[in-house]
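Scroll down for the structure; my scribbles are underneath it.
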Amino acid sequence: MPLAEAFPIPNPYQPSLMRIDDFFDETSDVRTLRLRFVDGDEEREFSGWEPGQFGQFTVFGAGESVFALANQPWRPNGNSEDTPIIECTFRAIGKVTHALRDMSEGQVIGFRGPYGNHFPIDDWLGKDLVFIGGGIGMAALRSALLDVIDRKQEFGDVVILNGARSVADMVYTEEMPRWQDVDGVRVVRTVDPGGETEDWDGEVGLLPNVFEGLNLEPDGRIVVACGPPIMLHYLFLSLGKTGYSPEQVVTTLENKMKCGIGHCGRCYVGPFSVCRDGPVVTWAELNELPKDY
Amino acid sequence: MDRTQWLLTESQLREWVRSLLDAGNSVVAPVEEDGVLLFRPLTSEERAILAPSGKTRWSPKEFLFPRSEPLYRYTLDGGEVEIENPPAPQRPQVLFGVRSCDAGGLLRLDEIFLSGTKDPLYAARRESTTVVSMACAAADPECFCTAVGGSPVGEEGSDLQLVPLEEGWLLRVLTEKGEALFGDVDERWQDAPAAIAKEVEKLERRVAGQIERSPVKQEWSKTLEDGFEHEAWDRLAQHCLGCSVCAYVCPSCSCFDMNHEANAWCGEQCRSWDACTFAIFTHHASGHNPRSTHQERYRQRVLHKFAFKAEDDEPFRCVGCGRCVALCPAGLDIVDTVTAAVAAIREEGADAAR
Amino acid sequence: MTEANVTVAESGTGSVPEGWQPHIVALVCNWCSYAGADMAGTTRLEYPANVRMVRFPCTGRMSPLMILKAFEQGADGVLVSGCHPGDCHYVQGNLVARRRFTIFRSLMDFIGIDLRRLHFAWVSAAEGHKWARVVSDVTAAVSEAGPLPAFESPEDWDGVELPSVGDGGPQELTADQLDLLRANLRRAASEVLAAKRVGVVIGYGAGSLPGQNVPKLVTDSSACEILDWGHGCVNNLSTYIGDALEHNDRVAVVVKTCDLGAITGLIREDQVRRDQLLLIGMQCPGVHSGSALAAKCLSCSGDPHPICDLVVSVDGVHESCLDPSDAALDMPDARDEQIAYLESLPYAERWRYWQRQFGRCLRCYACRAACPLCYCSSCIADKHRPQWVPTSIDNAGNSTWNIIRAIHLAGRCSGCDECARACPADIRLDLINRKLALEVERQYGRVGLDPEEKSALIDFRMEDSEEFIL
Ligand SMILES: Cc1cc2nc3c(=O)[nH]c(=O)nc-3n(C[C@H](O)[C@H](O)[C@H](O)COP(=O)(O)OP(=O)(O)OC[C@H]3O[C@@H](n4cnc5c(N)ncnc54)[C@H](O)[C@@H]3O)c2cc1C
Ligand code: SF4
Ligand code: SF4
Ligand code: SF4
Ligand code: SF4
């Protein structure tokens with residue numbers, strides 16, 4: 001007796017099948033995938049996503065990995081594209097991600113999601129925005145960033161600060177010029193000291209320092225930051241120093257996770273489940289949580 | 001619902017178990033295996049150990065939340081993937097002889113698996129399960145249900161309850177599901193007089209009196225959370241070995257892992273028990289680990305039982321079975337830890353440096 | 001837990017399905033047997049086609065994990081084949097492997113794997129004929145043994161009644177004598193702390209349950225009153241040495257004589273230096289398991305061992321520290337009869353016995369956590385590229401875990417029984433460890449308390465026995 005007959009609720013763990021349509025190598029170990037549902041599989045009630053949400057991606061035989069949904073949000077009936085395309089940018093770092101990198105166009109992987117809360121983009125209307133991404137952290141911002149750029153007239157000035165350890169580690173280098181071309185958008189690229197090359201024309205310095213150097217008045221501005229724990233730690237120090245209030249700063253939490261639906265217990269930060277209650281949090285909310293991330 | 005209750009002899013009890021088996025139920029009850037008392041599906045009513053007190057080595061949670069189970073299976077054929085749902089439970093299940101603490105533990109599992117996005121496998125099993133609990137006529141040295149709001153004759157989580165009295169086994173029906181477990185009640189069963197409630201109270205008082213622990217207070221949750229970074233945790237858990245005995249024997253611990261168990265042709269998404277006391281539980285692929293010491297991990301387990309609540313009056317997630325106390329190879333005691341941590345935090349202030 | 005391509009096997013001596021053909025996996029060395037098999041092919045020798053080959057650079061690269069994986073994935077038999085002694089491409093890989101397989105084989109036999117399923121051969125590149133013969137013989141033997149019994153717990157099985165361990169053990173100490181010992185211990189601990197000979201004393205304090213003692217770390221010479229001594233002092237405290245040394249230059253450890261093997265092991269394996277330790281050897285009344293004496297105590301005198309720095313007895317505290325090269329630790333074991341009894345049972349019975357034990361395993365890894373010699377920073381069970389030990393907590397996965405744990409400790413295990421004590425499922429890990437210790441000793445002689453001695457499985461002799469190798 002199949003499960004569905006015995007108990008009429010869908011199996012949340014069963015992924016939909018998606019085919020790798022295309023991919024792009026951002027760096028030597030970071031790749032962006034573009035995925036489409038395998039014919040028929042989008043019927044599993046895919047309801048689109050909002051920027052900031054993430055998905056569980058399956059490499060059959062290796063396991064699942066969590067990645068941010070990195071392309072412009074797809075909302076049913078709200079988008080010109082009528083079949084959803086999902087993009088994710090991932091670093092090959094462990095078992096699943098290496099297996100995923102070994103795959104090529106046309107191959108099938110699994111997807112379930114979207115999961116988690118999302119950036120409160122509607123609250124940002126009319127405001128100046130700063131996006132700060134460290135390394136692969138940019139992937140979590142890209143969906144929001146593309147949405148904002150697309151509707152630029154609804155927002156104030158936008159600064160995008162993309163930092164990487166070295167020039168070779170910088171993601172989204174191909175598309176940054178396109179972002180920059182939009183009126184009122186300024187892209188700042190920076191690499192850690194020592195990570196520059198001879199022909200590097202961006203900034204050199206740690207992200208928090210470069211941010212301070214931009215002298216962006218905190219007044220009414222929203223800062224959206226994502227990156228490794230150590231970068232966030234110093235960035236928050238800089239933000240505090242330059243007068244930003246914790247409510248103005250939005251970030252995303254990353255904790256190891258498995259189920260994505262708040263059951264497996266792994267991503268808890270105190271009573272807060274990153275997959276269900278997060279990953280998007282304000283700095284103010286973060287201050288209320290135990291330091292367990 | 002009118003409370004129906006009978007007094008049964010042991011042989012009547014076994015006959016009843018027989019009839020449950022005959023009706024096609026999977027009856028899961030304590031049996032002895034190589035000298036270890038464990039819940040196992042019965043093949044015959046004779047094997048069941050119907051004792052007035054004493055716990056199985058670990059809780060019966062594995063019959064709702066198995067140690068390992070496939071969440072789906074798949075085959076790989078030349079790049080094409082076929083996915084198949086796992087089989088659903090084939091037979092109704094009776095959890096028989098579950099101690100009061102363990103019955104409460106099942107509700108703690110419900111809170112996890114049936115909240116938010118329901119877990120269909122758990123839900124299906126839960127739906128088809130009836131719980132016959134068994135009150136305790138004596139407390140083990142490690143028991144402390146009364147310290148966390150439970151009782152040796154607690155009804156929480158039970159559909160039917162057996163109470164071992166001198167007069168015989170008192171059987172009480174507590175829910176409609178419990179009632180449904182009877183076909184025709186055997187007319188030889190003797191109705192229990194209403195006055196038997198007095199005997200139950202007496203038993204409760206006597207057993208509760210054997211438990212020496214003082215109660216864990218609701219307001220301690222907040223103190224514990226405030227003292228998250230207190231140095232006491234370091235001291236209190238310095239001899240934790242980082243195994244997961246405590247979590248795996250616990251009726252309410254519910255963390256799990258998911259892994260693909262696969263070969264070149266087929267595989268499955270396999271869910272297995274996991275525990276916050278293991279270092280790799282939270283170890284990121286990048287090498288970062290938010291809980292990099294035994295102490296931080298042990299603190300997580302303790303706080304997840306006694307703090308981190310959504311509502312202040314939520315019950316503790318520890319039901320006081322005492323198993324983790326009795327079985328911890330390093331002799332850590334969760335109540336002592338909580339008590340000592342609260343005392344230290346109150347005395348030295350929540351921020352005493354780590 | 002992946003089942004789809006696994007032969008449906010009948011447990012025990014059950015019936016053989018019609019048309020059944022054995023699946024055999026051969027792990028072969030690239031430099032000899034692989035070429036030998038190739039030669040057999042090119043010379044068109046006829047031999048059975050049941051063997052699937054996996055190529056390795058050397059028998060020394062093959063691990064029992066790989067053999068276990070083959071069985072777990074449904075192989076009915078495994079053949080390991082490499083270069084003759086003296087011909088190893090890497091000089092000695094096959095000689096180390098020979099010892100390892102000898103011990104592994106004895107464990108597989110002990111847990112009920114019919115040895116007709118497990119074969120080892122030396123086949124050189126020139127021995128195409130030998131390869132064909134070996135494969136024919138192995139196929140015939142595996143066919144006789146039948147399908148691999150299923151990894152599952154027997155249902156409705158009454159179990160095996162092991163012979164009782166009898167009695168014995170150290171002389172019972174009176175309450176007064178125990179009090180004296182405690183006083184002496186506290187004095188010794190307080191003195192070494194006060195004199196700054198160590199930064200911490202790892203000892204025992206009172207636990208929260210009746211008769212229970214728990215590990216306690218004392219750093220303050222005035223706090224030594226919390227140190228306790230008695231039947232509840234079960235833990236082998238050497239497990240805590242590594243952590244304690246992260247914060248202290250030198251640590252004192254309260255030890256029973258049965259804890260010393262582990263400390264020797266740690267020194268032997270360069271985990272700690274002798275001069276970082278101050279061993280406080282205690283006169284021991286025997287430790288309890290439940291209400292009875294632990295089995296390991298039955299053959300022990302309880303006397304403190306003279307290789308300790310300080311020896312604490314009823315008479316007082318003495319400086320000692322005998323040179324360990326003179327020290328012997330002779331412990332016949334009351335459980336050897338139980339091992340012999342299990343070995344007298346037919347394979348099917350042994351398999352049932354161990355499958356029921358392994359079936360209970362929760363994979364809590366308390367055996368690993370409690371073991372003083374399980375100190376790897378990342379255990380093979382936690383590694384997943386590749387996933388050698390299945391994550392699934394079922395008979396197949398548990399069998400792999402329990403076997404590999406024992407194998408990784410073969411020739412190293414000190415017999416302290418901490419793993420078995422920690423095991424919440426009462427799995428007789430002690431019998432497995434003891435069985436392997438006996439086998440190592442029978443084959444390669446005893447390794448004592450001298451850290452300078454090499455442990456048996458990282459050593460080899462050209463003339464090591466190989467009676468079972470084809
Ligand atoms: C909300 C969120 C969004 C993320 N977005 C991205 C992204 O856009 N791009 C990207 O490259 N990475 C992202 N990560 C991190 C990414 O999930 C891990 O790097 C990845 O799962 C590692 O998998 P692995 O199998 O290669 O690593 P292994 O170390 O082999 O891990 C084994 C398993 O552990 C789990 N795991 C290990 N590390 C993490 C981790 N840091 N977070 C969550 N699960 C983990 C996974 O289930 C993984 O399958 C995100 C993580 C979270 C929590
Ligand atoms: S508290 Fe005890 S049982 Fe739990 S992880 Fe630590 S040593 Fe193991
Ligand atoms: S935390 Fe310990 S005492 Fe509490 S329910 Fe779990 S095992 Fe029992
Ligand atoms: S394997 Fe067991 S008996 Fe051997 S040293 Fe380790 S804990 Fe002790
Ligand atoms: S201690 Fe026992 S139950 Fe736990 S992993 Fe080891 S053998 Fe299995």
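The sequence lines fix the lettering, A, B, ..., with proteins before strands; numbering per chain opens at 1. Just the heavy atoms: all of them, side chains too, but no hydrogens, waters or symmetry mates, feed the values below.
- The minimum heavy-atom distance linking B:Ala138 with B:Ser53 is given by the pair O-CB, 3.5 Å.
- In this structure, chain C has no heavy atom under 4.5 Å from any part of B:Glu62.
- Between the side chains of C:Asp156 and B:Thr43, a donor-acceptor pair is found at a separation under 3.5 Å.
- Comparing C:Arg421, C:His384, C:Arg428, C:Lys216 by heavy-atom pairs within less than 4.5 Å of chain B, the highest count is held by C:Arg421.
- Side-chain contact check for B:Gln269 versus B:Pro70: every heavy-atom pair is 4.5 Å or farther apart.
- A cation-pi arrangement is absent between C:Lys256 and C:Trp229, since the terminal nitrogen or guanidinium carbon is not both under 6.0 Å from the aromatic centre and inside a 45° cone about the axis.
- Taking the ring centre of C:Tyr353 as origin, the terminal cationic atom of C:Arg350 falls outside the region bounded by 6.0 Å and 45° from the ring axis.
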> So B:Asn289 and B:Thr282, side-chain hydrogen bond (donor to acceptor under 3.5 Å, both in side chains) or not? Walk me through it.
Replying inline: CA-CA 6 Å; B:Asn289 193 347; B:Thr282 47; 2.7 Å; yes

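- Residues of residues 247-257 of chain B lying under 4.5 angstrom from chain C, judged on non-hydrogen atoms, are B:Tyr248, B:Val249 in numerical order.
- With sequence neighbours left out, the side-chain hydrogen bond (donor to acceptor under 3.5 Å, both in side chains) criterion links B:Arg297 to B:His294.
- Neither the backbone nor the side chain of C:Ser378 comes within less than 4.5 Å of any heavy atom in chain B.
- At a 4.5 Å heavy-atom cutoff, the contact between B:Asp336 and chain C is made by side-chain atoms alone.
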> Stepwise, does the side-chain hydrogen bond (donor to acceptor under 3.5 Å, both in side chains) test hold for C:Glu418 with C:Thr239?
Replying inline: CA-CA 10 Å; C:Glu418 275 295 84; C:Thr239 309; 5.2 Å; no

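- For B:Val325, the parts lying near chain C are the backbone and the side chain together; criterion is any non-hydrogen pair under 4.5 Å.
- Per-residue counts of heavy-atom pairs under 4.5 Å with chain C were compared for B:Ala279, B:Ala326, B:Ser244; the largest is that of B:Ser244.
- Of the atoms belonging to C:Cys379, not a single heavy atom falls under 4.5 Å from chain B.
- Per-residue counts of heavy-atom pairs under 4.5 Å with chain B were compared for C:Gly207, C:Ala366, C:Pro215; the largest is that of C:Pro215.
- Nearest approach of B:Phe65 to B:Trp273, heavy atoms of both residues: O-NE1, 3.0 Å.
- Between C:Pro372 and C:Cys416 the shortest side-chain heavy-atom distance falls below 4.5 Å.
- When each of B:Val36, B:Val31, B:Leu327 is checked for heavy-atom pairs under 4.5 Å with chain C, B:Val36 comes out on top.
- Of the two parts of C:Asp426, the backbone and the side chain both hold a non-hydrogen atom closer than 4.5 Å to a non-hydrogen atom of chain B.
- Two residues are said to be in side-chain contact when any heavy atoms from C-beta on lie closer than 4.5 Å; B:Asp34 and C:Gln357 meet this criterion.
- Contact annotation for B:Ala330: both backbone and side-chain heavy atoms come within less than 4.5 Å of a heavy atom of chain C.
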>> Evaluate C:Tyr365 against C:Trp401 for ring pair (Phe, Tyr, Trp, His ring centres under 6.0 Å), listing each step before the verdict.
In response: CA-CA 9 Å; C:Tyr365 298 126; C:Trp401 163 247; 4.7 Å; yes

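- Taking the six-membered ring wherever Trp is involved, the centroid distance between the rings of B:His283 and B:Phe278 does not fall below 6.0 Å.
- Heavy atoms of C:Leu217 lying under 4.5 Å from chain B belong to its backbone as well as its side chain.
- Using a 4.5 Å cut-off between heavy atoms, B:Arg323 does not touch chain C at all.
- Neither the backbone nor the side chain of B:Arg235 comes within contact range of chain C, judged by heavy atoms closer than 4.5 Å.
- Between the side chains of C:Asn395 and C:Glu152, no donor-acceptor pair is found at a separation under 3.5 Å.
- Ranked by heavy-atom pairs under 4.5 Å with chain B, the list C:Val234, C:Leu237, C:Leu362, C:Asn235 is led by C:Leu362.
- Between B:His288 and B:His284, the ring-plane angle classifies as perpendicular under the 30° and 60° cut-offs.
- Of the two parts of C:Arg368, only the side chain, counted from C-beta on, holds a non-hydrogen atom closer than 4.5 Å to a non-hydrogen atom of chain B.
- Looking at C:Pro210, only its side chain comes within 4.5 Å of chain B, counting heavy atoms on both sides.
- When heavy atoms are compared at a cutoff of 4.5 Å, C:Glu161 does not approach chain B at all.
- Contacts between C:Asp243 and chain B at a heavy-atom distance below 4.5 Å involve the side chain alone, from C-beta outward.
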